[in-house]
Amino acid sequence: MSMNRMIHLQMRADGDSRVGQYRKKRKTHRKKLGAAVFAGLLAGLMFTSACSVPLVSSVTGRYVFSVGSEKCSVEETKIILLQYQKEYSSFYGINLWEDDADGTESLEAYVKDMTVSQLAEIYTLYVIAGEREMELSEEEKTQTAGAAAEYMNSLAENELAYLGVTENEVETLFEKYLLAHKLYASLTEDVSQEVSDDEARVMELKQICVSGEETAEQLIAQLDAGADFSSLAESYNESGTTDLQVTRTTYDDEVTELLFAMDTGEYSDVIEIDGNDYVFYCTNYFNEELTEENKDNVVTRRMEDAVSDAYDSYTDSLDSSLNETVWSEVTVDPGLELDGASFGEIYDSYFGTE
């Protein structure tokens with residue numbers, strides 16, 4: 001399994017308004033991270049923000065954080081921070097670090113958040129793997145040594161100076177990632193790959209969102225009288241979207257049960273969601289093509305649950321702490337050449353499979 005297969009839902013639970021504002025501001029200059037982007041092993045794929053490692057208090061020395069007895073060094077965080085810097089430095093030929101000073105500040109905060117989140121997850125899984133007496137084979141250790149040498153040889157002089165890292169330290173980081181990966185594989189090996197059409201079903205709907213129940217009831221009356229749903233949507237819909245593709249995880253269980261009981265050509269009663277009133281119309285109760293594609297997502301969610309169960313049982317009792325003073329001193333250097341290979345690219349070249 002490639003790293004990206006494990007991390008493609010990275011940061012799905014983004015609660016930082018600063019990041020959201022940055023994304024909105026820069027949306028014309030960015031593309032969503034794709035298969036080539038090493039966004040962070042398991043950070044956000046396996047766990048939402050509610051399951052994050054509780055980094056609190058402070059630690060002494062030049063370490064950014066600790067998880068149990070393991071301490072993450074400044075040098076390790078810079079490796080992953082540089083990884084993100086490379087990924088975000090050029091989209092469509094635009095250097096996001098230099099194009100807008102205000103945007104650069106929020107981008108740096110964003111990638112620092114992802115860096116510490118990713119590494120905290122890795123360290124926690126590494127600790128769990130150790131407690132389960134999981135080890136790398138001699139062949140795997142040889143591979144991590146080769147990956148570290150290739151990584152170091154690919155870096156420009158100013159990148160090496162920025163990182164201040166030794167080849168042995170890079171090798172150790174590769175080992176931690178690989179052992180976390182092996183734990184993931186062991187926790188998910190028994191997850192069923194069989195998914196029924198009904199479980200993965202994707203419906204196509206139209207919606208009308210209004211802010212008053214009285215207006216919603218008037219819509220139902222007009223629909224009962226034979227009014228065209230699309231025409232009503234043009235006049236009444238207060239949402240920016242009319243056409244939807246809905247799975248069994250789009251809404252909560254109660255709303256999902258109501259929507260998935262509809263057949264093509266039917267419209268719903270008034271449904272309240274987050275303080276607004278909705279009326280839905282089913283244009284296609286079963287999109288076969290999208291349903292087939294969604295089966296991979298269903299399997300991924302099963303894997304998330306399998307790993308989360310093991311992960312949460314450890315994080316409830318595992319001591320961890322963040323050295324905010326040291327972490328505040330770690331910054332992105334926009335003057336780096338960024339010509340060397342990224343940590344994630346090399347990891348996938350040695351250990352990633354589809």
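If you read the sequence from its start, that first residue is 1, and numbering goes on from there. Side-chain atoms are counted along with the backbone in the values below, which use heavy atoms only and exclude waters and symmetry mates.
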J.: Quick one: pull up CG in N153 and CD1 in I346 and give me the separation to the nearest 0.5 Å.
T.: 9.0 Å
J.: Look at the side chain of E257 and the backbone N and O of E254, then say whether any donor-acceptor pair between them is shorter than 3.5 Å.
T.: no
J.: Which value, rounded to the nearest 0.5 Å, describes the distance between S308 atom OG and R301 atom CZ?
T.: 13.0 Å
J.: If you apply the rule salt bridge (Lys or Arg N to Asp or Glu O under 4.0 Å), what do you find for E76 with K176, and how did you get there?
T.: CA-CA 11 Å; E76 287 175 315; K176 289 173 180 174; 3.3 Å; yes
J.: Do the side-chain N and O atoms of D224 and Y267 include a donor-acceptor pair separated by under 3.5 angstrom?
T.: yes
J.: Tell me whether E204 contacts the main-chain N or O of C282 through its side chain, where contact means a donor paired with an acceptor under 3.5 Å.
T.: no
J.: With a cut-off of 6.0 Å (strictly less than), are more than 12 heavy atoms of other residues, nucleotides or ligands near CD of E135?
T.: no
J.: Check whether any side-chain N or O of N294 sits under 3.5 Å from a backbone N or O of L290 as a donor-acceptor pair, and report yes or no.
T.: no
J.: Would you mind reporting whether Y347 and H181 have side-chain heavy atoms less than 4.5 Å apart?
T.: yes
J.: With K206 as reference, evaluate N237, D243, T283, T242 under the side chain to side chain donor-acceptor pair (under 3.5 Å) test and give the passing residue.
T.: D243
J.: When you measure from the centre of the six-membered ring of F260, is the NZ or CZ of R248 under 6.0 Å away and within 45° of the axis?
T.: yes
J.: Is it true that the side chains of T77 and T115 contain a donor and an acceptor less than 3.5 Å apart?
T.: no
J.: Determine whether a donor-acceptor pair (N or O, by modelled atom type, separation under 3.5 Å) exists between the side chain of D277 and the backbone of S211.
T.: no
J.: In Å, rounded to the nearest 0.5 Å, how long is the span from CE of M303 to CD of E189?
T.: 10.5 Å
J.: Evaluate the side-chain proximity of I79 to Y151: yes if any heavy-atom separation is below 4.5 Å, no if none is.
T.: yes
J.: Can you confirm if the aromatic rings of Y63 and F65 lie within a centre distance of less than 6.0 Å?
T.: no
J.: Has the side chain of E75 got a donor or acceptor atom that lies under 3.5 Å from a matching backbone atom of L163?
T.: no
J.: Between Q245 (side chain) and V202 (backbone), is there a donor-acceptor pair under 3.5 Å?
T.: no
J.: Could you walk me through whether R62 and E329 pass the salt bridge (Lys or Arg N to Asp or Glu O under 4.0 Å) check?
T.: CA-CA 11 Å; R62 298 299 297 172; E329 296 171 358; 3.1 Å; yes
J.: Find the distance between CD (E214) and CG (L219) and round it off to the nearest 0.5 Å.
T.: 11.0 Å
J.: Kindly say whether M203 contributes a backbone atom to a donor-acceptor pair with the side chain of N287 at under 3.5 angstrom?
T.: no
J.: If we ignore angles and hydrogens, is there a donor and acceptor under 3.5 Å between the side chains of S239 and T241?
T.: no
J.: Would you find a donor on one side and an acceptor on the other, under 3.5 Å apart, between the side chain of S154 and the backbone of A341?
T.: yes
J.: Determine whether L205 and L232 fall in the same hydrophobic cluster, where Ile, Leu, Val, Met, Phe, Trp and Tyr are linked whenever their side-chain heavy atoms lie under 4.5 Å apart.
T.: no
J.: Give a yes-or-no answer on whether the side chains of T291 and D197 include a donor-acceptor pair shorter than 3.5 Å.
T.: no
J.: When rounded to the nearest 0.5 angstrom, what distance separates SG in C72 from OH in Y126?
T.: 12.0 Å
J.: Tell me whether M262 shares a hydrophobic cluster with V279, the cluster being built from Ile, Leu, Val, Met, Phe, Trp, Tyr side chains joined at under 4.5 Å.
T.: no
J.: Show the numbers, then the answer: is there a side chain to side chain contact (heavy atoms under 4.5 Å, CB included) between I273 and Y251?
T.: CA-CA 9 Å; I273 303 175; Y251 299 104; 3.8 Å; yes
J.: With sequence neighbours excluded, give me every ring pair (Phe, Tyr, Trp, His ring centres under 6.0 Å) pair touching residues 215-238.
T.: F229-Y281
J.: Establish, from distance only, whether the side-chain atoms of K78 and Y162 form a donor-acceptor pair under 3.5 Å.
T.: no
J.: For I80, is there any backbone N or O sitting under 3.5 Å from a side-chain donor or acceptor partner on Q118?
T.: no
J.: Would you please test R302 and D305 for salt bridge (Lys or Arg N to Asp or Glu O under 4.0 Å) and show each step?
T.: CA-CA 5 Å; R302 291 175 182 173; D305 292 340; over 6 Å; no
J.: Assess, by modelled atom type and distance only, whether the side chains of E169 and S73 contain a donor and an acceptor separated by less than 3.5 Å.
T.: no
J.: Which residues pass the salt bridge (Lys or Arg N to Asp or Glu O under 4.0 Å) test with E175, not counting sequence neighbours?
T.: none
J.: Side chain to side chain contact (heavy atoms under 4.5 Å, CB included) for K112 and W327? Distances and angles first, verdict last.
T.: CA-CA 9 Å; K112 285 189 68 175; W327 186 224; 3.6 Å; yes
J.: Cluster question for you: counting only ILVMFWY and a side-chain heavy-atom cut-off of under 4.5 Å, with indirect links fine, are V67 and V64 together?
T.: yes
J.: Before giving the answer on side chain to side chain contact (heavy atoms under 4.5 Å, CB included), spell out for T247 and R201 the whole-Å C-alpha distance, their side-chain angles and the decisive distance to 0.1 Å.
T.: CA-CA 6 Å; T247 71; R201 180 153 65 99; over 6 Å; no
J.: Look up atom OG1 in T144 and atom CG in L179, then write down how far apart they are to the nearest 0.5 Å.
T.: 10.5 Å
J.: When you look at CD of Q218, are more than 12 heavy atoms from neighbouring residues, nucleotides or ligands closer to it than 6.0 Å?
T.: yes
J.: Out of Y184, F343, Y350, which one pairs with Y177 under the ring-ring contact (aromatic ring centres under 6.0 Å, His included) rule?
T.: F343
J.: Apply side-chain hydrogen bond (donor to acceptor under 3.5 Å, both in side chains) to residues E345 and S342 and explain how you reach the verdict.
T.: CA-CA 5 Å; E345 288 172 342; S342 69; 3.3 Å; yes
J.: Could you go step by step and tell me if E159 and K86 meet the salt bridge (Lys or Arg N to Asp or Glu O under 4.0 Å) rule?
T.: CA-CA 11 Å; E159 291 176 321; K86 290 182 178 183; 3.3 Å; yes
J.: Answer yes or no: is there a side-chain heavy-atom contact under 4.5 Å between E108 and Y110?
T.: no
J.: Looking at residues at least two apart in the chain, or sitting in another chain, which of them share a salt bridge (Lys or Arg N to Asp or Glu O under 4.0 Å) with K182?
T.: E140
J.: Take E139 and T142 through the test side chain to side chain contact (heavy atoms under 4.5 Å, CB included) and record every step on the way to the result.
T.: CA-CA 5 Å; E139 180 181 359; T142 299; 5.6 Å; no
J.: Going only through I, L, V, M, F, W and Y residues with side-chain contacts under 4.5 Å, is there a path from V74 to I122?
T.: yes
J.: Indicate yes or no for a side-chain donor-acceptor contact from S117 to the backbone of M114 under 3.5 Å, with no hydrogens or angles considered.
T.: no
J.: Verify whether one side chain among Q83 and E87 offers a donor that lies under 3.5 Å from an acceptor in the other.
T.: yes
J.: Are V210 and L258 linked, directly or through intermediate hydrophobic residues, by side-chain heavy-atom contacts shorter than 4.5 Å (ILVMFWY only)?
T.: no
